[in-house]
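Since the structure comes first, as structure tokens, the remarks are kept for the end.
Computed from a prediction, not measured in an experiment: that's the story for all the values here. A, B, ... follow the sequence lines: proteins, then strands. Residue 1 opens every chain.
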Amino acid sequence: MKAHDVLEERGFFYQLTDEKIVADRLNGAPVTFYIGFDPTADSLHVGHLLPIMAARILQRAGHRPIMLVGGGTAMVGDPSGKTEMRQMLTPEQIQANTGDIRTQLERFVEFGDDKARMVDNADWLLGLNYVDFLRDIGRHFSVNRMLAAESVKQRLETGLSFLEFNYSLLQAYDFYVLARDYDCEFQLGGQDQWGNIVAGVDLTRRLLSRSVYGATIPLLTDQTGKKFGKTEAGAVWLDSGRTTVYDYYQFWRNSDDADVGRLLAYFTDLPIDQVQCLGGLQDTGINRAKEILAYEATAMAHGAEAAKQAFVAAGRQFGFADPQGTVETSSAVAAIGVDDVDDNLPTHELEAAMLGDGLWIVKLLVAAGFEKSNGAARRLLQAGGCYVNDERIEDLDRQITAADFTDGRMNLRAGKKNVRRIILRS
RNA sequence: GGUAGGGUUCCCGAGCGGUCAAAGGGGGUAGACUGUAAAUCUACUGGCGAAGCCUUCGGAGGUUCGAAUCCUCCCCCUACCA
């Protein structure tokens, strides 16, 4: 399997520092490469997934990933692709986040002695001496050139602090350290990382007289041009405590028709010819393709069992796209027997005592997390978007009583897609 | 440090003494139509069990019957100059 060619045909490359050499190296003998994440939150979200998927493909082709968690760079904050400075994080936050992110990465890439390695740039960045760093590293950087970088230019309009301006030096230094100590010769990153990657390539050449390479992955946007992975509710997180497995599944299931092929290529392991075939389908076919995408993506992040439950739960709620199995696929969804599985709707537990003589529907909507305030819940009712056991509730004063529950369960829905199973607890 | 212009609700952006919970747009939510898609159309979009009341216009004071609007001090941003 030729890694470069696989990445290429799946659309993973945006820019390469050296087309020919990168192709040769990645198609050839094992290479050590790295991708980095700054621990600015306690969970990764789907926006981070693209480079991870690329790393996964490279690893399976025999290359060695270094997954860098940027405990040091997070102290500074990358200005690339941002219109303003992000809030500074405390060292404690960063440390906690670093641990959480490591755990998540383990689901996508195999770690071990001769497998992937995890590093934290805090190990070599935090101890740096300012003047030494300026003399040894800073002298290789031209401010003129840095100012010309696209990511900096953008920020010149709104303001860029000296702190952030230094970010690319640190990332460049990372690449140099990894090249020096781990024989790393290739870096992958998002489209907005181009400047930082190139800076690292240059620095390494100057300091080690050695050629290293880099590539960027296209920035994923949805049809409206917005960054992929953000929804009304914010980012779609990999942590099931932040984004439930069901919602994660639904995120993929609700993809735009036009995106399905691309997303399958990026976020599943299905062979490329099957991906192309699925992406070209229409009507029921494209909906089946979305189910496959959602199942595969969910299984990757949360495991096959959880994905199966989400698939069944969603299917019971909205119907299955292809119950006859007419669309051919090698995905494991094809084998799921719909009847013999417990579904996995997100639940909300309700103290039986809260019910009393009746619990106001507005209160329940808020308690279950559908709405932030009574006012918002009222508006939902008024707009006709609230359903109890799939029956629309029109009555603003509707009281929920024990009669609404069957076996201690009841179904509460806000709009078409947000369902929660309310479980009575005594 | 100097000069000029700014900080308005999730975002952009009007408002410049009462009629302001604050125009317009974006975004979001819901409904209709559909395929759990897109596009389109409609309604809603600070809080309160909704009568009325309460809290919002960078912060703190002040003037006034009344302040997002006027005054004072402070904080922050942008541009030019140093």
Look at all strands and tell whether A:Thr284 reaches a base, only sugar-phosphate, or nothing, counting heavy atoms closer than 4.0 Å.
nothing
What's A:Gln317 touching, base or sugar-phosphate or nothing? Going by heavy atoms closer than 4.0 Å.
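Result for A:Gln317 = nothing.
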Heavy-atom nearest nucleotide on RNA chain B for A:Leu380 versus A:Asp283: which residue maps closer to 5'?
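Residue closer to the 5' terminus by nearest nucleotide: A:Leu380.
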Closest listed nucleotide, where the reference is the side chain of A:Asn287 and the choices are B:U36, B:G35, B:A30:
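Nucleotide nearest to A:Asn287's side chain: B:G35.
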From the options B:U36, B:G49, B:U29, select the nucleotide whose nearest atom is closest to the side chain of A:Asp397.
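Nearest to the side chain of A:Asp397 among the choices is B:G49.
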With sequence neighbours left out, write down each residue that passes salt bridge (Lys or Arg N to Asp or Glu O under 4.0 Å) with A:Lys115, or none if nothing qualifies.
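Partners of A:Lys115 by the salt bridge (Lys or Arg N to Asp or Glu O under 4.0 Å) criterion, ordered by chain and then number, come out as A:Glu110.
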All salt bridge (Lys or Arg N to Asp or Glu O under 4.0 Å) counterparts of A:Arg10, not counting sequence neighbours
none
Base-contact (B) and sugar-phosphate-only (S) positions in nucleotides 20-26 of chain B, heavy-atom cut-off under 4.0 Å, - elsewhere
-------
Tell me: [atom1] of [X] to [atom2] of [N], nearest whole Å?
X	N	atom1	atom2	value
A:Gln399	B:G49	CD	C1'	10 Å
A:Asn254	B:A39	CG	P	13 Å
A:Phe370	B:C44	CZ	P	24 Å
A:Gln382	B:U42	CD	C1'	15 Å

Qualifying side-chain hydrogen bond (donor to acceptor under 3.5 Å, both in side chains) pairs, either residue in residues 285-296 of chain A, two or more places apart:
A:Arg253-A:Asn287, A:Asp257-A:Lys290, A:Arg288-A:Glu291, A:Glu296-A:Ser331
Pairs under 3.5 Å (N/O, protein and nucleotides 31-34 of chain B):
from	atom 1	to	atom 2	distance (Å)
B:G31	OP1	A:Tyr387	OH	2.9
B:G31	O4'	A:Ala383	O	3.4
B:G31	O3'	A:Arg392	NH2	3.2
B:A32	OP1	A:Arg392	NH2	3.3
B:A32	OP2	A:Lys416	NZ	3.2

When you measure from the side chain of A:Asn129 to the backbone N and O of A:Asp132, does any donor-acceptor pair fall under 3.5 Å?
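Judged by distance alone, yes, a pair lies under 3.5 Å.
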Any side-chain N or O of A:Ser373 under 4.0 Å from OP1/OP2 of B:G47?
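Yes, within the criterion.
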OP1 or OP2 of B:G49 versus the side-chain N and O atoms of A:Lys363: is any pair under 4.0 Å?
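Looking at the OP1 and OP2 atoms of B:G49, one of them is under 4.0 Å from a side-chain N or O of A:Lys363.
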Short heteroatom pairs, N/O only, protein and nucleotides 50-55 of chain B, under 3.5 Å:
from	atom 1	to	atom 2	distance (Å)
B:A50	N6	A:Gly375	N	3.4

